[in-house]
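Structure first, then comments.
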Amino acid sequence: MTDSRLAIVVLAAGQGTRMRSATPKVLHELAGLPLIGHVLHTAQALDAAHLLVVVRHERDRVAAAATELAPTAVIVDQDEIPGTGRAVEQAVAAIPAGFDGDLLVLSGDVPLLDADTLARLLEAHRASAAAGTLLSTTVPDPTGYGRVVRDAEGALQRIVEHQDASEAERAIDEINSGVYVFGVNALRDQLASLTVANAQGEKYLTDVIGALREAGMDVSAVPTPDSWKLEGVNDRAQLSAAAARLNALIVRGWQLAGVTIQDPETTWIDLQVRLEPDVTILPGTQLKGATVVAEGATVGPDSTLTDTEVGRGATVTRTDATLAVIGDGASVGPFAYLRPGAELGPDGKIGTFVEVKNGRIGAGAKVPHLSYIGDAEIGAGANIGAGGITANYDGVDKHRTVIGAAVKTGAHNVFVAPVRIGDGAYTGAGTTIRKDVPAGALAIDVAPQRNLDGWVHTHRPGSAADLAAQQAIGSEHAQD
Ligand code: UD1
Ligand code: CA
């Protein structure tokens with residue numbers, strides 16, 4: 001049920017300078033979802049009456065991503081005045097006038113925070129008389145974070161930013177997570193008086209804590225033991241640390257759901273992926289996007305599947321696949337490359353050093369070795385000889401090759417599209433198929449082989465080949 005007393009703002013206007021990237025920080029990805037996507041998913045779980053996202057740097061890109069992930073979110077543009085305090089000030093101004101409930105402030109760059117932790121923060125805030133409550137934690141290395149300064153009684157006094165902190169304050173290991181709940185009216189009053197008189201020349205939201213307390217209001221910090229949930233992503237080292245943390249959780253979740261994952265360290269699974277029980281994932285495997293793997297299938301080692309479907313009991317070994325569909329009981333690899341539109345029917349086979357693009361391979365059909373199948377259809381039970389190539393591109397347009405059911409093609413065929421091979425036809429080794437082959441026919445385009453006896457002795461006398469040949473011919477005569 002919607003919490004009519006709750007508004008949530010997600011801060012995403014900063015540039016993320018420490019990422020050193022052309023991509024705004026909050027659009028960098030973790031487990032297939034941008035940082036801000038993780039935060040918005042968590043925010044949406046709380047079902048607040050108002051959800052706002054503050055943007056400025058690369059405004060259009062961030063706003064588009066936010067709207068796609070959370071269609072009901074209101075986009076708020078931050079002006080030229082920098083700082084988290086200014087961002088929240090402008091968000092508060094965008095909340096409908098009648099609202100006098102609580103504002104939960106989330107950072108777009110704190111992706112691992114879960115809805116349960118936020119619900120507990122909200123509960124603690126509402127159970128107390130505090131005007132503001134922040135989530136804190138202790139970390140082994142607090143460098144870069146705002147520090148939680150408490151008075152002699154242990155009550156929250158203020159937050160000091162790392163860059164503004166004294167030596168003694170920097171020794172504090174309790175940090176501000178950047179996640180807070182405020183009574184919106186108390187907050188509004190304090191935001192108006194923020195200044196940029198600090199090391200970074202920004203309006204710090206953190207200054208509101210000290211200001212509320214000085215104004216005689218209660219503020220408190222709720223420490224949470226799971227410090228990893230509060231870790232911010234400011235540079236790429238923190239990004240990979242958060243990715244590893246999240247991946248370990250995802251892998252463990254699938255293991256407990258009945259998936260064998262041999263090496264969690266080298267297995268990467270995006271959030272959106274779905275796996276059925278008794279799937280086996282071997283080391284060095286990445287499952288990305290909307291990939292789905294059905295019961296009893298084995299994927300890996302060393303495979304990357306993106307937006308790919310793997311059927312029940314199928315085997316996919318050392319394969320790279322994108323937007324491909326692999327049927328039940330089928331086998332793929334080792335060393336296969338499946339591009340968008342590759343579809344392998346049940347019990348079919350795509351073997352070693354085979355590339356398939358926009359090609360349907362029927363039930364039980366096999367393309368076992370060294371082939372390129374593009375813009376093609378291969379009927380059920382057909383077998384493509386080693387080195388079969390569909391020549392689908394004439395330099396201007398792409399054309400289709402259609403190979404019928406139970407066809408057997410010889411080794412090293414080229415199919416010059418558009419071309420059709422009827423059901424049950426055969427093609428000879430080395431044939432270049434340039435015209436349609438009727439059902440049941442054998443197609444061959446190669447001239448009969450001629451052997452010119454003695455050619456080596458005449459043209460390469462005295463060579464190693466000649467000596468070997470003469471010896472062979474001599475011993476044949478000796479046996480006569
Ligand atoms: C902030 C806190 C710090 C806390 C840390 C936790 C302040 C002043 N400091 O520091 O106490 O320990 O988070 O991770 O708040 N943003 C805007 N507009 C701006 C600037 C930033 O929307 O003008 C957004 C950013 O996009 C980001 C979030 O606010 O999502 C935090 O900004 P960032 O610059 O990363 O703050 P920190 O230095 O990490
Ligand atoms: Ca940050």
Side-chain angles (χ1 to χ4, degrees), residues 9-19 21 23-28 34-40 43 52-59 61-63 65-66 75-92 94 105-113 132 134-139 141-149 156 158-165 169-170 172-180 182 191 194-211 221 223-224 227-239 242:
V9 57
V10 176
L11 306 186
Q15 182 176 352
T17 325
R18 289 165 277 179
M19 294 298 279
S21 175
T23 301
K25 173 167 70 177
V26 295
L27 297 189
H28 280 261
L35 296 182
I36 195 174
H38 292 269
V39 178
L40 286 171
L52 306 103
V53 180
V54 185
V55 300
R56 186 185 63 220
H57 177 70
E58 292 276 0
R59 183 247 175 245
R61 285 173 73 185
V62 178
I75 305 298
V76 178
D77 283 286
Q78 185 175 345
D79 62 15
E80 298 309 301
I81 301 172
T84 49
R86 182 61 175 172
V88 171
E89 189 178 3
Q90 298 203 280
V92 167
V105 178
L106 301 177
S107 274
D109 67 347
V110 181
L112 302 184
L113 194 52
L134 70 88
L135 208 51
S136 73
T137 194
T138 50
V139 291
D141 178 13
T143 307
Y145 287 103
R147 308 298 207 283
V148 173
V149 181
L156 174 60
R158 61 190 175 89
I159 303 297
V160 60
E161 286 306 290
H162 180 91
Q163 294 194 43
D164 301 282
E169 287 165 339
R170 284 188 182 183
I172 299 172
D173 64 357
E174 186 183 4
I175 58 120
N176 167 30
S177 67
V179 174
Y180 328 70
F182 296 102
L191 287 169
L194 288 180
T195 70
V196 296
N198 52 55
Q200 299 181 80
E202 297 182 355
K203 282 193 173 188
Y204 290 163
L205 176 61
T206 45
D207 286 348
V208 164
I209 298 292
T224 155
S227 66
W228 60 269
K229 291 184 183 174
L230 305 184
E231 280 168 13
V233 172
N234 298 298
D235 59 35
R236 298 194 203 222
Q238 289 171 325
L239 180 67

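Bear in mind the structure is a predicted one, so any value in this text is a computation, not a measurement. Whatever order the structure lists ligands and atoms in, that order sets their numbers, starting from 1.
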Nearest non-hydrogen partners of [X] and [Y], listed with the distance:
X      : Y      : value
His28  : Thr23  : NE2-O, 3.4 Å
Pro111 : Leu35  : CG-CD2, 3.9 Å
Val39  : Ser107 : CG2-O, 3.5 Å
Ala165 : Val160 : CA-CG2, 3.7 Å

- prompt: Atoms of ligand 1 less than 4.0 Å from Tyr204 heavy atoms?
  reply: 8 (C)
To the nearest 0.5 Å, what is the distance between [atom1] ([X]) and [atom2] ([Y])?
X      : Y      : atom1 : atom2 : value
Asp164 : Gln200 : CG    : CD    : 6.5 Å
Leu27  : Met19  : CG    : CE    : 10.0 Å
Gln90  : Leu52  : CD    : CG    : 12.0 Å
Arg147 : Arg170 : CZ    : CZ    : 7.0 Å
Ile172 : Ser136 : CD1   : OG    : 11.5 Å
Leu205 : Leu194 : CG    : CG    : 7.5 Å

Before signing off on this row, confirm whether [X] and ligand 1 have an N or O atom pair separated by under 3.5 Å.
X      : value
Thr84  : yes
Val26  : no
Glu202 : no
Lys25  : yes

query: Where do Ser21 and Arg236 land on the side chain to side chain contact (heavy atoms under 4.5 Å, CB included) test, with the steps shown first?
result: CA-CA 10 Å; Ser21 175; Arg236 298 194 203 222; 3.0 Å; yes
Heavy-atom pairs closer than 4.0 Å: do any link ligand 1 to the side chain of [X], the backbone, both, or neither?
X      : value
Arg86  : neither
Leu230 : neither
Arg18  : side chain

statement: Among Leu11, Val76, Asp164, the residue with a heavy atom nearest to atom 29 (O) of ligand 1 is Leu11
field: Within-3.0 Å protein N/O/S contacts of the Ca ion (ligand 2)
entry: Asp109 OD2, Asn234 OD1
Heavy atom of the protein closest to [atom] (residue, atom name, distance):
atom                    : result
atom 13 (O) of ligand 1 : Gly178 CA, 4.4 Å
atom 5 (C) of ligand 1  : Asn176 O, 3.9 Å
atom 22 (O) of ligand 1 : Ala13 N, 2.9 Å
atom 16 (N) of ligand 1 : Gly14 N, 3.6 Å
atom 14 (O) of ligand 1 : Ser177 O, 3.7 Å
atom 10 (O) of ligand 1 : Glu161 OE1, 3.9 Å
atom 31 (C) of ligand 1 : Ser107 OG, 3.8 Å
atom 23 (O) of ligand 1 : Gly83 N, 2.7 Å

message: Would Gln78 and Leu11 count as a side chain to side chain contact (heavy atoms under 4.5 Å, CB included) here? Give the steps.
response: CA-CA 10 Å; Gln78 185 175 345; Leu11 306 186; over 6 Å; no
query: With sequence neighbours left out, what residues match Phe182 under ring pair (Phe, Tyr, Trp, His ring centres under 6.0 Å)?
result: Tyr180
Check against side chain to side chain contact (heavy atoms under 4.5 Å, CB included), Val148 and Ile159: CA-CA 5 Å; Val148 173; Ile159 303 297; 4.0 Å; yes
message: Strictly less than 4.0 Å: does any protein heavy-atom distance to atom 18 (N) of ligand 1 fall in that range?
response: yes
message: Under 4.0 Å from atom 1 (C) of ligand 1, can you find at least one protein heavy atom?
response: no
query: Can you tell me if Ile175 has a non-hydrogen atom under 4.0 Å from ligand 1?
result: no
task: Taking Arg56 for its side chain and Ala87 for its backbone only, find out whether a donor-acceptor pair lies under 3.5 Å.
output: no
